[in-house]
Colleague: 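Here's a structure for you.
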2 protein chains.
Amino acid sequence: MTLAQSSSDFMACADCNIRNRAVCATCEPHELSRLEDIKYYRTFDAGQSIMFEGDEMHFVASVVSGAATLSRTLPDGRIQMVGLLLPSDFIGRPGRDAVAYDVVAIQKVTLCCFRRKPFENMIKDTPHIGQRLLAMTLDELEVAREWMMLLGRKTAREKITCLLSLIGRRTASLHMQKLQDGLSFEMPMSREAMANYLGLTIETVSRQMTALRKDGIIELGGTRTITIPDLAGLMAETGDDTDGMMLT
Amino acid sequence: MTLAQSSSDFMACADCNIRNRAVCATCEPHELSRLEDIKYYRTFDAGQSIMFEGDEMHFVASVVSGAATLSRTLPDGRIQMVGLLLPSDFIGRPGRDAVAYDVVAIQKVTLCCFRRKPFENMIKDTPHIGQRLLAMTLDELEVAREWMMLLGRKTAREKITCLLSLIGRRTASLHMQKLQDGLSFEMPMSREAMANYLGLTIETVSRQMTALRKDGIIELGGTRTITIPDLAGLMAETGDDTDGMMLT
DNA sequence: CGCAATATTGAGCGCGATCAAGTATGGTGG
DNA sequence: CCACCATACTTGATCGCGCTCAATATTGCG
């Protein structure tokens with residue numbers, strides 16, 4: 001029944017790299033083994049759709065590796081991304097039959113999937129999972145609201161610098177780099193994806209990237225390789241209060 | 001210790017008008033009586049601040065009546081509202097010491113407050129509350145994401161018609177009006193509040209309201225009394241898929 | 001190498017912001 | 001009851017950021 005879609009057929013939860021950040025983070029060993037019974041892995045290539053808005057939701061999942069986006073589309077074709085899914089993030093909404101957003105892989109993605117019904121039952125009788133999911137959902141809500149500020153009130157330059165600073169710092173923390181000396185990373189998304197995430201057009205994204213390069217705020221090696229010589233300088237352009245954020 | 005701030009000192013939960021929609025909706029009688037022990041009412045006048053961003057959060061609360069807003073402010077003063085709190089909505093984030101947004105009453109508001117620590121303990125040992133809070137938070141997340149689409153991709157006219165349609169339909173459902181023949185309601189917020197909610201300026205809001213009036217989409221009697229002769233006509237201007245939304 | 005997809009650059013325009021008056025509206029005290 | 005003032009809202013003139021349309025350049029891939 002459970003069709004293996006991937007080469008990595010099985011991995012023990014104990015060995016999982018998102019073990020202590022995902023929805024299963026606070027599970028006891030016996031809870032974990034129940035999850036282990038209903039989980040299965042799937043992978044999707046960059047560009048592949050994972051779920052379509054309006055479809056029936058057969059499974060929920062944790063992102064194990066790679067990246068995906070949540071987006072909505074207006075009848076006339078305008079697109080707005082409403083979420084970025086990175087390792088340990090949760091996909092799907094318990095208690096809802098239909099998918100509310102398009103979910104698309106922007107890098108090769110591995111998911112740890114749970115069939116929806118068994119997972120919903122586990123929420124009911126496993127408080128740890130429900131509590132963890134609540135905390136994660138509250139975090140997502142805060143991220144969404146910070147993004148509302150960006151979309152509603154920030155200029156194009158501020159939007160771009162916010163995104164670069166976000167991705168840059170996240171990548172650095174993943175690789176334990178220190179932030180002081182030049183930070184280098186790969187952008188996980190195309191110019192079009194950036195535009196849809198920031199509420200801009202491709203052309204404006206491109207122009208602002210060029211402007212930031214000319215101003216010495218960033219350096220580009222290929223379109224997706226970005227170097228930030230002075231992170232504080234970049235963050236001074238975001239419009240945010242920069243105090244205390246350098247600690248992360 | 002618990003200082004009564006209001007004339008309505010006490011109300012039995014059983015008689016509460018948000019009893020079956022708020023965070024307490026799925027509570028059993030014994031759980032409800034525990035909540036009843038730690039609850040107290042407070043009222044705030046229109047314009048009064050309820051919480052300030054960064055302050056310590058002493059209590060969480062349900063909105064019983066009236067309306068309040070959540071907003072964030074950039075260092076240079078730009079404001080973006082990130083949430084609208086109406087009766088049955090929940091204020092505060094369990095497990096977090098500091099308030100993440102400014103909370104301001106935009107109408108006279110009555111809150112059903114719970115001191116934070118006792119409430120957090122109840123979440124741990126009362127699954128019904130945690131589950132209800134999870135469902136409500138997921139709903140809020142969906143609303144926030146729909147608002148991201150509005151802020152990032154919609155025109156000023158679409159933004160205004162979305163807001164009017166939202167408030168109008170909600171008011172109608174509260175008063176059990178049928179939607180077909182002219183719908184009339186009071187706008188609960190100023191032009192400035194509308195602007196901050198929609199990511200626009202006051203002037204643009206005002207101009208779009210005038211334009212909609214001249215186009216016969218809305219009628220104005222005083223600045224806050226709004227009549228919508230043809231709701232379908234208004235909704236055709238929102239940019240959304242209008243199918244199926246008229247049922248609500 | 002050749003093609004397709006992606007990104008950059010340019011010219012011009014228009015939507016919504018800004019700056020600036022002007023007009024209700026509502027509360028207060030004489 | 002009305003004159004007064006503060007606040008909220010509307011309207012007008014102009015500006016400029018980001019969009020549109022269009023051409024060119026670059027990248028990635030068979």
Side-chain angles (χ1 to χ4, degrees), chain A residues 45-48 74 76-80 104 106-108 150-164 186-215 218-226 237 239, chain B residues 45-48 74 76-80 104 106-108 150-164 186-215 218-226 237 239:
Chain A
D45 288 329
Q48 240 188 315
L74 291 179
D76 67 1
R78 281 172 284 178
I79 296 174
Q80 177 65 52
V104 181
I106 54 173
Q107 291 181 321
K108 183 171 181 178
L150 176 144
L151 292 170
R153 292 303 188 195
K154 287 187 177 174
T155 64
R157 172 180 265 241
E158 288 170 338
K159 287 176 173 181
I160 299 277
T161 50
C162 275
L163 182 62
L164 294 178
E186 285 290 304
M187 210 51 197
M189 58 179 86
S190 67
R191 294 289 186 266
E192 184 178 16
M194 290 172 69
N196 288 334
Y197 202 39
L198 299 172
L200 298 170
T201 58
I202 305 182
E203 295 94 326
T204 298
V205 170
S206 191
R207 269 185 262 272
Q208 292 296 335
M209 293 291 286
T210 307
L212 288 170
R213 181 172 54 73
K214 286 183 177 162
D215 293 348
I218 62 173
E219 288 156 22
L220 297 174
T223 56
R224 295 206 183 187
T225 309
I226 291 167
E237 302 274 348
Chain B
D45 288 329
Q48 241 188 312
L74 291 180
D76 66 1
R78 281 172 284 178
I79 295 174
Q80 177 65 52
V104 181
I106 55 172
Q107 291 180 321
K108 184 172 179 176
L150 177 143
L151 292 170
R153 292 304 188 194
K154 287 187 177 173
T155 65
R157 172 179 266 240
E158 288 170 338
K159 286 176 174 181
I160 299 278
T161 50
C162 275
L163 182 62
L164 295 178
E186 286 289 304
M187 211 48 197
M189 56 178 87
S190 66
R191 294 288 186 269
E192 186 179 15
M194 291 173 68
N196 288 333
Y197 202 39
L198 298 171
L200 297 170
T201 58
I202 304 182
E203 296 93 326
T204 298
V205 171
S206 190
R207 268 185 263 271
Q208 293 296 336
M209 293 292 284
T210 307
L212 288 170
R213 182 172 53 71
K214 286 182 178 162
D215 292 349
I218 62 173
E219 288 156 23
L220 296 174
T223 55
R224 296 209 184 186
T225 308
I226 291 168
E237 301 275 350

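Every chain is numbered from 1, with letters handed out A, B, ... down the list of sequences. Note that the structure is predicted; figures quoted are calculated from it, not measured.
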Colleague: Got a second to check how far B:Y197's OH is from B:S190's OG, nearest 0.5 Å?
Modeller: 13.5 Å
Colleague: To the nearest angstrom, how far is A:L200 atom CG from C:dT8 atom P?
Modeller: 14 Å
Colleague: In whole angstroms, how far is the C1' atom of D:dT26 from the CZ atom of A:R191?
Modeller: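 Computing the A:R191:CZ to D:dT26:C1' distance gives 12 Å.
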Colleague: Rounded off to whole Å, could you give me the CD1-to-P distance for the B:I202 and D:dT7 pair?
Modeller: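 Atom CD1 in B:I202 sits about 13 Å away from atom P in D:dT7.
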Colleague: Tell me, do A:R213 and A:E219 make a side-chain contact under 4.5 Å, heavy atoms counted?
Modeller: no
Colleague: So, does A:T201 get its side chain near the phosphate of D:dC19, meaning an N or O under 4.0 Å from OP1 or OP2?
Modeller: yes
Colleague: Under 4.0 Å from OP1 or OP2 of C:dT9: is there any side-chain N or O of A:T210 that close?
Modeller: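 So the side chain of A:T210 is within the cut-off, an N or O lying under 4.0 Å from OP1 or OP2 of C:dT9.
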Colleague: If you count every heavy atom of other residues, nucleotides or ligands that lies below 6.0 Å from B:E186 atom CD, does the total exceed 12?
Modeller: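 Counting other residues, nucleotides and ligands, CD of B:E186 exceeds 12 neighbours.
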Colleague: Counting side-chain heavy atoms from C-beta on, which of D:dG18, C:dT18, D:dC9 comes nearest to A:T204?
Modeller: D:dG18
Colleague: Please tell me which of the listed nucleotides, C:dG16, D:dT10, C:dG10, lies nearest to the side chain of B:T223?
Modeller: D:dT10
Colleague: To the nearest angstrom, how far is A:E192 atom CD from C:dA5 atom P?
Modeller: 13 Å
Colleague: Using whole Å, report how far CG of B:N196 lies from P of C:dA17.
Modeller: 11 Å
Colleague: Side chain of A:R207, base of C:dG10: donor and acceptor closer than 3.5 Å?
Modeller: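 Yes, a donor-acceptor pair under 3.5 Å.
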Colleague: Find the distance B:M209:CE to D:dT10:P and express it as a whole number of Å.
Modeller: 7 Å
Colleague: Counting only heavy atoms not in A:Q48, do more than 12 sit closer than 6.0 Å to its CD atom?
Modeller: yes
Colleague: Answer with yes or no whether A:R224 presents, from its side chain, a donor or acceptor under 3.5 Å of a partner atom in the base of D:dT26.
Modeller: no
Colleague: Have a look at B:I160 and tell me which of B:L198, B:T204, B:I218 forms a side chain to side chain contact (heavy atoms under 4.5 Å, CB included) with it.
Modeller: B:L198
Colleague: Side chain of B:E203 only, heavy atoms from C-beta on: which candidate in D:dT11, D:dG18, C:dG16 is closest?
Modeller: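 Looking only at heavy atoms from C-beta outward on B:E203, the closest nucleotide is D:dT11.
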Colleague: For a quick check, tell me whether the side chain of B:Q208 and the base of C:dC15 share a donor-acceptor pair closer than 3.5 Å.
Modeller: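 Side chain to base: no pair below 3.5 Å.
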Colleague: What does A:G199 touch in the nucleic acid at a heavy-atom separation under 4.0 angstrom: a base, only the sugar-phosphate, or nothing?
Modeller: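 The answer is sugar-phosphate, as A:G199 gets under 4.0 Å only of primed atoms, P, OP1 or OP2.
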Colleague: Atom CE of B:M187 to atom P of D:dA8: distance rounded to whole Å?
Modeller: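 Result: 16 Å.
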Colleague: If you look at every strand shown and take non-hydrogen atoms under 4.0 Å, does B:S190 touch a base, only sugar-phosphate, or nothing?
Modeller: sugar-phosphate
Colleague: Round to the nearest Å and state the distance from A:L212 atom CG to C:dT9 atom C1'.
Modeller: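 In whole Å, C:dT9 C1' lies 16 Å from A:L212 CG.
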